[in-house]
**Q** 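Take a look at this one; I'll ask things after.
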Amino acid sequence: MYEDDIAAISTPPGEGGIAIVRLSGNGVIEKMNPLFRPRREGTSLAGRPSHTLTLGWIIDDRGEIIDEVLVGIMKCPRSYTGEDVVEINCHGGSLPARRCLERVLSAGFRLAEPGEFTRRAYLNGRLDISQAEAVIDIIRAKSDKGMRLAQQQLSGMNFSYIANLEDGLTRINAMIEASIDFPDEVGEPDYDEVEGRLQEILSKLDSLINAARRAEVYREGISIAICGKPNVGKSTLLNTLLRKEKAIVTEIPGTTRDVIEDYINVRGIPVKIMDTAGIRFTEDQVEKIGVERSREAIKAADLVLFLLDVETGITAEDREIFSQIHTQNIIVMVNKEDLIEKKIDETSLKGMFPGLPIIRGSAREEIGIDELEESIEKLVLSGQTGSDNLEIMVSTRQRSALERARQQVLDTRDGLREAPLDCLGVDLGGAMEALGEITGKNLKEEAIDRIFHDFCIGK
Amino acid sequence: MIYQAGNYDVVVIGAGHAGCEAALAAARMGCSTLMITLSIQHIALMPCNPSIGGPAKAQVVREIDALGGEMAVNIDKANIQIRMINTGKGPAVQALRAQADKEEYHREMLRTLEATPNLSILMAEVDRIETENGRISGVVTRTGARFGCQAVVITSGTYLKGRVIIGDVAFDSGPGNQIPPMRLSENLKELGIELGRFKTGTPPRIDSRTVDFSKMIEQPGDPQPLRFSFISPRNEREQLSCWLTRSNPETHRIVMENIERAPLFTGIIKGRGPRYCPSFEDKVVRFSHKDNHQLFVEPEGRRTNEMYVQGLNTSLPEDVQLQVLHSIAGLEHCRMIRTGYAIEYDYVVPSQLRLSLETRQVSGLFTAGQINGTSGYEEAAAQGIIAGINAALKAREKEPFILKRSEAFIGVMIDDLVTKENDEPYRLLTSRAEYRLLLRQDNADLRLTEKAHAIGLVTSQRWDIFREKKELLDRERARLQEEYVLPLDSRMAKFLADKDSAPLRDRISLWELLRRPEIKIEEYPALELMEEFDLDVMEQLELQAKYEGYIRKQEDQVRRFEKMEARKIPEDMNYDEVYGLAFEALQKLNAVRPASIGQASRIAGVNPADINILLVFLEKKRRK
Ligand SMILES: Nc1nc2c(ncn2[C@@H]2O[C@H](COP(=O)(O)OP(=O)(O)OP(=O)(O)O)[C@@H](O)[C@H]2O)c(=O)[nH]1
Ligand SMILES: [Mg+2]
């Protein structure tokens, strides 16, 4: 456990320009291969010299882009920890960084223990003997703080919810293990019952994970980019949402030349909102740079508001822009609906943007703004609205444990009718271990206690 | 008057299942060994149930065998029934279980002991263990004989200060009315060893001639009984049946009516009993909603009328035991031959032991078996062989022999005993092993025989059988992986169709084909894809192929696990010097004194932060 590949966000939490996800372990540079697509095709991270930066994207297991990043590599032993180190620089602050971290964790990295990078640095001779005490202080302080936080987070309602979950898991485990270890006294487990209970556990885990995501959204906020062709009304919309004249509005296309950002609060969710330069082909040097920067900001945004102009209709320019952003979370807004002239009809909209939320309104006349906010809220919390009103604040560590537990419960359920009991035990054991990381309990021992409690066993 | 009676390398005190394995191991490794027992008639006695094996325990018996121990060979000579249980639950938890002929088991073991060179048996009671500068120097018997020695293994089972309780009657006694040793406990305390007190129990035995079997369900053995040992000949012994009956509401009424006379409730019994082996009265009280409990009536041998009533272990007064028996279908007129009883005894708190089973207080003093707070013949025998090996190695001034959790159930058990707090007699369960898919009974020889060979515990006969099997396995595995069948092969196509197995789209190796659940290796010879080999070999290959995915998963986990096991903590580690440890961790580390970082991380109350701090501290020490 203490020499495998570890990962953590190494910059302090909160809004900041750049957040860094740091990885350490031997061979971690090669292990980035399935996670990272370099901008320049044909290059690979492992092939690059130590202490260089490479631009590219973190991608998910289907090859879809998660975030644009700058990746630094430091080869063993010339690194902070003395092992191979990878530093993923995520712009756009902590939310994209969390996504990158989750991707890395899902690929088999373990979340670093508090102070673990420093501990490794020390063990690998990168720090002086005289620094040992300081290293220990770091470990102690970080872990005590973590513990306090965890305890606060687990108090009250959440605690009983998780305890309930643990109870369900240990009960199933006890059913399986009792039938293995005491075949004379305990028959085969009732598979229908086990399946039902697993299903129940899965839905509880889902609610927890969703609640955690929801909490994260409220805590960390999201970023939204307003995007569209020149003169569509982007700056007007920004000003309306901000309730102040932050961006210059004119009837001249190409007014906004750079990314303008500010902060608003949409139904309790902190939002960094960005107005961008209208995307078009241009010879103008200044505008060209602005368009390029806008593209990057749009790509890094959690949500894109794609504006259309009801007066011009859907043009080739709109189609071109949409083709560049279509993989992202999008809300389509048809602007300038206050005008009489309407060149966009419902059918063509539905045809071009199947499944996307579409809002008709006016930035200038403040029509449809409520609808827009509602749509933002819905999209951000999509699928995460639990009816149980669960409130949970968990750390990334805890959430990753929850997600691992969920995966293993899923594996158990899927293998239930095929794999033999002892193999099911492998997955179920993994789920209990993951959940145990949250509460610090040894659930396997508890499951053994449970066997004796629930079943009448004895020769 | 104390007199010099001789010198030995190793002295083993006790001749139960742990003692026999310990003495045999030490003698077979070439040490002059003395085994001292209270009674030669009770060597390898089974004072409780007449059976060996079952989940987790069968794995252990096979491991003992793979190491060159005797239990498997002996039960193969002395069984009256063998069954493979858990067959539908996966390869890792399948387990062989035998009913034993108790008398024959004892006799066969005695014969083996007597035929073993370097091994002497002595009937005596050891009163005292002598030390010199913290190291074992000898033992002294009650009658004054002093034997000098390098190492001592105590395997006194449940005898130490044994006290038998039946209803309101209680008296000092070992199992089976034997005199319990009373002085050794005091001597151990003088040596600084902490003792605790546990309790266990046994059911009444009845006369088979007074049982009406027509009212019970017959439980026959397997039609083709297997064997425990990798080197035993095929099992061709006649199989006897066991019988299933049940208690009923009337039985439970009798228990409840007399419950205030049960020692567990009157408070006469103070020691902690095992939860997996509750007394019958305990079951009736705790599971009051159940109106019946299973009871198995099992023969204790071929040439005795005694039968064991499994499930009825009790310390109720004798008259109540009789009423209980007579209320049960088939036992209405049974005669009780031995009364059930509870027994309390002293045990050595096992966290004082090293992983070699040597006590930390006295160099050269080992303890093994129920004296270490375990239950079960198999658990005892397993500790016996490890303690015997390590006593022999100690006498030779060699490094101890330690099995890891990833190598054997024996390793899991000893690590649990030493590392975790146990408040009841410890019993192995398959769920205690985190890598149980690797620790199967079928591969115990592949896991352990080479290790045992390296320390000289494996006979040439066993070694030849093992090498032949291993070579065959390696060769056949390689062949199956390299030989392919083609989609064009019409005979294969027909075979697959008959089996409802998907037709081949591409060539596929014989090995990969085995991954299909519906394809069995035993069908290969008929298809001329393989010669007809020994069943063991065929099964082994099939298992390796079928579960390769899960096995790989576990092997990966083991590699990570072993890295931390390899980080040793020095013997003389002073935890008080470690700056930054949490107070609870400090206390626990001082109590357990783990041998490695891995072991430390398993101690309850030692957190990841404490482990990281320990790692930093050890590195700092190393650099100085
Ligand atoms: N009638 C009407 N006019 C609008 C509306 N929103 C914006 N406009 C007008 O459209 C023109 C362009 O508005 P901007 O907000 O500057 O457009 P933009 O998308 O930021 O344009 P660039 O920065 O040049 O890319 C201005 O004259 C606005 O007054 C609306 O809802 N209704
Ligand atoms: Mg603008």
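By convention in this document, chain letters (A, B, ...) are assigned in the order of the sequence lines, proteins followed by strands, and residues within each chain are numbered from 1.
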**Q** Please classify the contact between Y579(B) and chain A as side chain, backbone, both or neither, with a heavy-atom cut-off of under 4.5 Å.
**A**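 For Y579(B), the contact with chain A is made by backbone and side chain together.
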**Q** Against chain A, label F296(B) side chain, backbone, both or neither, depending on which of its atoms sit under 4.5 Å from a heavy atom there.
**A** side chain
**Q** Which atoms of P517(B) are under 4.5 Å from chain A, going by heavy atoms: the side chain, the backbone, both sets, or neither?
**A**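 Neither part.
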**Q** To the nearest 0.5 Å, tell me how far N86(B) CG sits from I180(A) CD1.
**A**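 Between atom CG of N86(B) and atom CD1 of I180(A) there are 6.5 Å.
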**Q** Less than 4.5 Å to any heavy atom of chain B: does that hold for the side chain of D427(A), its backbone, both, or neither?
**A** side chain
**Q** Quick one: of A56(B), P91(B), G54(B), who has the most non-hydrogen atom pairs under 4.5 Å with chain A?
**A**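 Ranked by heavy-atom pairs under 4.5 Å with chain A, first place is P91(B).
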**Q** I'd like to know whether CD of E188(A) has more than 12 heavy-atom contacts from other residues, nucleotides or ligands below 6.0 angstrom.
**A**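 Atom CD in E188(A) is packed in, count exceeds 12.
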**Q** CZ/R559(B) to CG/D4(A) distance, rounded to the nearest 0.5 angstrom?
**A** 13.5 Å
**Q** Kindly give the heavy-atom pair with the smallest separation between G90(B) and P420(A), and that separation in Å.
**A** CA-CB, 3.3 Å
**Q** Given that the side chain runs from C-beta out, which part of L244(B) has a heavy atom under 4.5 Å from chain A: side chain, backbone, both or neither?
**A** neither
**Q** Write down the atom of Q294(B), the atom of E185(A), and the distance for their closest heavy-atom approach.
**A** NE2-CA, 3.7 Å
**Q** Should we say atom CD of E433(A) is surrounded by more than 12 heavy atoms from elsewhere, each under 6.0 Å from it?
**A** no
**Q** Under a 4.5 Å cut-off applied to non-hydrogen side-chain atoms, are R119(A) and E619(B) in contact?
**A**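 No, every pair of side-chain atoms sits at 4.5 Å or beyond.
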**Q** For I85(B) and P183(A), which heavy atoms make the closest approach, and how far apart are they?
**A** CD1-CG, 4.0 Å
**Q** Quick one: pull up CG in L123(A) and CG in N612(B) and give me the separation to the nearest 0.5 Å.
**A**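 L123(A) atom CG to N612(B) atom CG measures 8.5 Å (nearest 0.5 Å).
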**Q** Mind checking the CD-SG spacing from Q554(B) to C423(A)? Nearest 0.5 Å is all I need.
**A**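 Result: 8.5 Å between the selected atoms.
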**Q** Go through the atoms of A582(B) and report whether side chain, backbone, both or neither lie under 4.5 Å from a heavy atom of chain A.
**A**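 Both backbone and side chain.
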**Q** Got a sec: does the CZ of R286(B) have more than 12 other heavy atoms crowding it under 6.0 Å?
**A** yes
**Q** Under a 4.5 Å heavy-atom cut-off, does chain A meet the side chain of L429(B), its backbone, both or neither?
**A** both
**Q** Report the C-alpha separation of L437(B) and D422(A) in whole Å, then their side-chain angles, then the decisive distance to 0.1 Å, and conclude whether the side-chain contact (heavy atoms from CB on, under 4.5 Å) test is met.
**A** CA-CA 7 Å; L437(B) 279 185; D422(A) 55 0; 3.7 Å; yes
**Q** Side chain from CB out, backbone as N, CA, C, O: work out which of these in Y547(B) comes under 4.5 Å of a heavy atom of chain A, or both, or neither.
**A** side chain
**Q** What distance separates S431(B) OG from N173(A) CG, expressed to the nearest 0.5 Å?
**A**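 One gets 7.0 Å once the value is rounded to the nearest 0.5 Å.
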**Q** Heavy-atom distances under 4.5 Å only: say whether K57(B) touches chain A with side chain, backbone, both or neither.
**A** neither
**Q** So which part of K563(B) gets closer than 4.5 Å to some heavy atom of chain A, the side chain, the backbone, both or neither?
**A** side chain
**Q** Are any of the side-chain nitrogens in R97(B) or D184(A) under 4.0 Å away from the carboxylate oxygens of its partner?
**A** yes
**Q** Before accepting this row, confirm whether a basic side-chain N of the pair E177(A)/R436(B) lies closer than 4.0 Å to the acidic partner's carboxylate O.
**A**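 Salt bridge: yes.
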